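In listed order, ligands and their atoms are each counted from 1. Start at 1 with the first residue, then count along the sequence. None of these values were measured; they are calculated from a predicted model.
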Amino acid sequence: MSKSLHQAIQFDQQHIWHPYTSMTDPLPCYHVESAHGCEIKLSTGEHLVDGMSSWWAAIHGYNHPQLNEALHAQADKMSHVMFGGLTHQPAIEMVERLIDLAPEPLDRVFIADSGSVSVEVAIKMALQYWFSIGKPQKNQLLTIRGGYHGDTFAAMSVCDPVNGMHHMFRHALCNQRFVERPAVVFGEQWDPNSLSEIQQTLEQHHADIAAVIVEPVVQGAGGMRFYHPEYLSQLRQLCDEFGVLLIADEIATGFGRTGKLFGCDHAGIVPDIMCVGKALTGGYMTLAATLTHRKVAEAIGQGEGGGALMHGPTFMGNPLACAVASASLALIQQGEWQTQVPQIEKQLNEQLKPLANSPAVNEVRVLGAIGVVELTQPVDVARTQALFVELGVWIRPFGRLMYIMPPYCISSAQLTQLTAAISHYVTTVAN
Ligand SMILES: *Cc1c(COP(=O)(O)O)cnc(C)c1O
C-alpha cells in the first residue's frame with residue numbers, strides 16, 4: 001500500500017464514523033477507487049465482485065451508461081432548486097414513472113431524501129390522516145417483531161425492540177405496539193392461526209392505532225427472514241375491518257428484488273401508504289418516496305390542521321436524484337429484471353441450498369435475488385471480510401447472517417464466485 005493511501009485510511013479511522021461502528025475501535029475499511037458493472041475496484045488494485053448492491057441499491061450495477069448520462073445532463077441544467085413554490089421536469093417525470101409502476105390507486109407522492117425520512121413521512125401521513133378526520137386518539141403504530149424501518153426516531157420506534165436500538169434510546173422513543181413475527185415462513189404450509197395475535201391486538205386496541213407498518217414478505221436488516229404472503233393478505237383484510245391504515249415499507253423489497261416488482265405483489269394487496277427508497281436511484285444517490293392514495297391525501301388536505309402535510313426537507317425533489325431515479329425506473333419499466341432475477345434465484349438455490357447440510361449452517365433461504373446463509377455462530381466480520389477480499393468478492397456479513405443481494409446484471413460466473421466464497425467460508429472457517 002502506498003504511503004499516501006495508508007495515511008488516507010488512517011485519517012479516515014481517526015475522523016470519520018462509518019455505519020454502526022465505533023470511532024475508538026473501528027473495523028477496518030477498504031479504500032475504493034472506482035466501481036463498474038458488478039465490480040468494485042479497490043485502490044490497492046483488487047477487483048471485487050459485488051454481492052451487496054451497496055445495501056440493496058445498485059440494482060443495475062455501477063457506472064451505468066444511462067444513469068450516468070441522466071446525471072450529467074441534469075447537472076448541466078441545474079443541480080438543485082428549492083421545491084417550495086417551484087417544480088421541475090425531473091421530479092414530474094420520476095413521479096409519473098413511479099405511479100405507473102406502483103399498484104393502483106397509489107398516485108399521491110411525497111418525495112423524501114432517504115428511506116428513514118420516507119418512513120417518518122409515512123407515519124406523519126397516517127397520524128395526520130386520523131387527526132384530520134377527527135380521531136386524534138388514533139396515534140399509535142402496530143408492527144411485527146424482527147422489523148427494520150430506519151435509524152431516525154419514529155422509524156427506530158418500530159424497529160425490532162430487541163435487536164433494534166431500543167435499549168439505548170428507550171426513554172426517548174415513542175411506545176409502539178408489537179406482535180410476534182409471522183410464524184409461517186415463505187413457501188411453507190399456511191397456518192390460519194398465524195394472525196390470531198395481531199387480530200386480537202387490533203380488536204382490543206384499534207381505537208388507539210393509526211396504522212400497521214410492515215416490510216412486505218421480506219424482513220431485511222432485522223434478520224433477513226421471509227414470511228408467508230398469506231399473512232400480508234389477511235393483514236390487509238384485518239386493517240380494513242378495524243379501520244387501521246396499512247403502511248408497506250418497500251424500501252428494501254421494491255423494484256424486483258424479491259422476484260415481484262413489489263413485495264406486496266406476492267400477496268396481491270395494495271397498502272394505504274408505501275415507502276420506496278434504496279434502489280429508487282439505482283444506488284446512485286439518496287432518494288426515497290412515500291406514496292398514498294386519494295382518500296388519505298384528500299383527508300389530510302381538507303382536514304383540521306390547515307390541510308398541509310407538515311414536512312418539507314430542504315433538498316426535497318432534488319433534480320439530480322430525480323433525474324437518475326427516472327432513468328433507473330425506465331430500466332425497470334423495460335423489464336429485463338423479470339428474466340434476471342429468476343435466473344439469480346435459480347442459481348442461488350442450486351449453489352447455496354446444499355450448504356444447509358453443513359453443521360455450521362442453521363438454514364439457507366433464497367427468495368428472488370436474495371440469498372441468505374444463516375450460520376450457527378456469529379461471524380468475525382473483520383477476519384471474514386479480509387478472507388472475502390482475498391477471494392475477490394465483496395460480501396458483508398452481520399451477526400450469524402451471511403447474505404448476498406447482487407446487482408441484477410451479475411453474470412452467472414460472477415455469481416458463482418460469490419457463492420463459492422460463501423461455501424469456502426462455511427467449509428473451512430466455520431466448521
Ligand atoms: C434501509 C431501510 C430503511 C432506511 O433507509 P435509509 O435510506 O437507510 O434511511 C428503511 N426501511 C427498510 C425496510 C430498509 O431496508
Side-chain angles (χ1 to χ4, degrees), residues 17-21 52-59 98 110-126 141 143-161 163-166 173 176 178 181-182 211-227 232 246-258 260-266 271 273-291 311 313 315-316 318 321-322 324-325 328 367-370 372 396 398-399 401 403-405:
W17 260 298
H18 284 261
Y20 310 106
T21 50
M52 306 306 291
S53 299
S54 287
W55 280 338
W56 315 84
I59 52 175
L98 197 52
F110 190 99
I111 309 173
D113 8 13
S114 72
S116 300
V117 171
S118 76
V119 170
E120 299 286 325
V121 169
I123 292 171
K124 231 182 233 191
M125 272 182 193
L141 295 164
T143 189
I144 52 184
R145 289 175 184 271
Y148 175 77
H149 297 285
D151 293 347
T152 53
F153 270 82
M156 260 200 301
S157 75
V158 285
C159 289
D160 186 86
N163 72 17
M165 293 152 272
H166 283 244
L173 282 179
Q176 315 289 14
F178 292 87
R181 55 172 205 263
V212 174
I213 180 168
V214 290
E215 293 156 278
V217 177
V218 173
Q219 292 190 293
M224 302 296 289
R225 293 190 191 86
F226 313 149
Y227 64 87
L232 212 54
L246 178 61
I247 304 173
D249 178 349
E250 295 264 12
I251 293 166
T253 47
F255 309 116
R257 177 59 64 183
T258 68
K260 303 272 187 190
L261 186 53
F262 294 102
C264 284
D265 296 344
H266 287 279
I273 300 173
M274 179 167 107
C275 299
V276 293
K278 289 203 162 98
L280 177 59
T281 61
Y284 267 52
M285 53 183 76
T286 179
L287 189 74
T290 312
L291 292 80
H311 211 94
F315 286 98
M316 186 168 175
N318 176 255
C322 287
V324 180
S328 177
L367 183 67
I370 312 168
V372 184
R396 189 168 171 81
F398 80 92
L401 298 172
Y403 64 101
I404 50 176
M405 55 264 191

Just wondering, do [Y] and [X] contact through their side chains at under 4.5 Å, heavy atoms?
X	Y	result
I251	V276	no
V214	I247	no
F178	T143	yes
I111	L287	yes

Which ligand 1 atoms, with their elements, are less than 4.0 angstrom from a heavy-atom of [X]?
X	answer
K278	1 (C), 2 (C), 3 (C), 14 (C), 15 (O)
A252	15 (O)
H149	10 (C), 11 (N)
S114	7 (O), 9 (O)
G150	4 (C), 10 (C)

Ligand 1 versus W56: contacting region, heavy-atom distance under 4.0 Å: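 For W56, there is no contact with ligand 1 at all, from either part.
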Can you tell which of A112, S116, A221 gets a heavy atom nearest to atom 8 (O) of ligand 1?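 Selected option, by shortest heavy-atom distance: S116.
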Report yes if some N/O of G115 lies less than 3.5 Å from some N/O of ligand 1; otherwise report no.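 In this structure, G115 places an N or O atom under 3.5 Å from an N or O of ligand 1.
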Got a second to check how far H149's NE2 is from L141's CG, nearest 0.5 Å?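 Here the rounded value is 9.5 Å.
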Could you walk me through whether W56 and I370 pass the side chain to side chain contact (heavy atoms under 4.5 Å, CB included) test, one step at a time? CA-CA 9 Å; W56 315 84; I370 312 168; 3.7 Å; yes
Nearest to atom 12 (C) of ligand 1, what protein heavy atom do you find, and at what distance?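 Among all protein heavy atoms, the one nearest atom 12 (C) of ligand 1 is D249 OD2, 3.4 Å.
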Does the side-chain hydrogen bond (donor to acceptor under 3.5 Å, both in side chains) test come out yes or no for K124 and H311, once each step is laid out? CA-CA 8 Å; K124 231 182 233 191; H311 211 94; 2.9 Å; yes
